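The figures here come from the full heavy-atom set of this structure, side chains too, leaving out hydrogens, waters and symmetry mates. Predicted, not measured: the structure shown is a model, and the values here were computed from it.
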Amino acid sequence: MDIPKDHPRYKSLMTREYLVQMVNEGLVTPTGLISHGRGEAYDYLMGEKSIPPALEAEKAAAAYLLRAKNPVVCVNGNAAVLDPENLIALANAVPAKMEVNLFHRTPERMEGLISFLESKGADNVLGREPECRIPGLNHDRALCTKEGIFDCDVIVVPIEDGDRAEALVSMGKIVISIDLNPLSRTSCKATVPISDELSRALENIIRFISELRGDEQAILKVINEYSSYNNRRETVRYICDSLMSAFETGDD
């Protein structure tokens with residue numbers, strides 16, 4: 001599709017066209033387009049920027065990742081194609097393992113996404129040969145590897161399903177979600193819910209990892225002062241204030 005670069009929604013429209021292409025290539029499912037559009041709506045409400053509560057959560061995510069013994073960056077179809085470079089950069093920065101986990105799982109799609117990530121520079125992506133199951137999930141999303149998701153202590157789950165996030169928390173894991181909707185089940189259940197666009201969130205976490213690395217006192221301070229409830233409340237408050245401001249300054 002020929003989209004003029006001066007279109008006010010150029011980046012958004014190009015991303016949508018790219019996702020459609022990835023559907024045609026079998027890496028993203030049609031339902032993934034719905035998920036993306038739903039998240040994009042919340043991004044509009046936040047002004048398409050990393051708002052203060054998101055930055056606070058992203059700093060907490062960095063702190064938890066730096067203290068992790070076996071961290072994992074979990075990847076689904078949408079996340080893999082939207083920003084493979086920053087997902088890989090995050091895994092390298094921690095360092096953490098990467099594992100692909102899918103709702104619409106087929107051997108062909110698993111191989112396609114893992115090969116796609118490896119073509120972008122990822123090493124030893126897990127998920128091809130799962131030997132464990134996440135307790136409480138009666139679906140292929142429960143399939144995972146022992147060295148990755150099953151035995152991890154901290155896990156990053158971008159664009160996640162709420163019931164799987166809840167199941168991972170029930171296993172005693174620190175769950176860091178990236179979900180633009182602060183009211184989603186994922187955001188409500190995650191240990192550190194980040195309401196931000198994927199690329200911005202990943203870049204911010206990577207930056208905070210660099211800033212906090214080696215400063216154990218600062219890391220513990222960030223973790224101890226973080227509250228997921230307060231953070232989500234401030235995110236909702238920001239959206240409400242932004243909406244009222246837009247309404248009051250709009251044309252009559």
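- When each of Ile178, Ile176, Asn78 is checked for a side-chain contact (heavy atoms from CB on, under 4.5 Å) with Pro158, only Ile178 meets the rule.
- The environment of Asn138 atom CG is sparse: at most 12 non-hydrogen atoms of other residues, nucleotides or ligands sit within 6.0 angstrom.
- Here the side chain of Ser115 pairs no donor or acceptor atom with the backbone of Gly112 at under 3.5 angstrom.
- Using modelled atom types, no side-chain atom of Thr191 and backbone atom of Ile174 make a donor-acceptor pair closer than 3.5 Å.
- Listed by chain and number, the residues in a side chain to side chain contact (heavy atoms under 4.5 Å, CB included) with Tyr44 are Arg9, Ser12, Arg16, Glu40, Glu48 (sequence neighbours excluded).
- Shown here is Gln217, whose CD atom has no more than 12 heavy atoms of other residues, nucleotides or ligands within 6.0 Å.
- Dense packing is recorded around NZ of Lys173, with more than 12 heavy atoms of other residues, nucleotides or ligands lying under 6.0 Å away.
- Residues that satisfy the salt bridge (Lys or Arg N to Asp or Glu O under 4.0 Å) test with Arg133, not counting sequence neighbours, are absent from this structure.
- Look at Arg200 and Glu203 and you find no salt bridge, because none of the NZ, NE, NH1 or NH2 atoms lies under 4.0 Å from a carboxylate O.
- A continuous path of ILVMFWY side-chain contacts below 4.5 Å connects Ile51 to Ile239, so both sit in one hydrophobic cluster.
- Residues Val28 and Phe103 fall into different hydrophobic clusters, defined by Ile, Leu, Val, Met, Phe, Trp and Tyr side chains chained together at heavy-atom separations under 4.5 Å.
- Between Asp163 and Arg185, none of the side-chain N atoms (NZ, or NE/NH1/NH2) sits under 4.0 Å from a carboxylate O, so this pair counts as no salt bridge.
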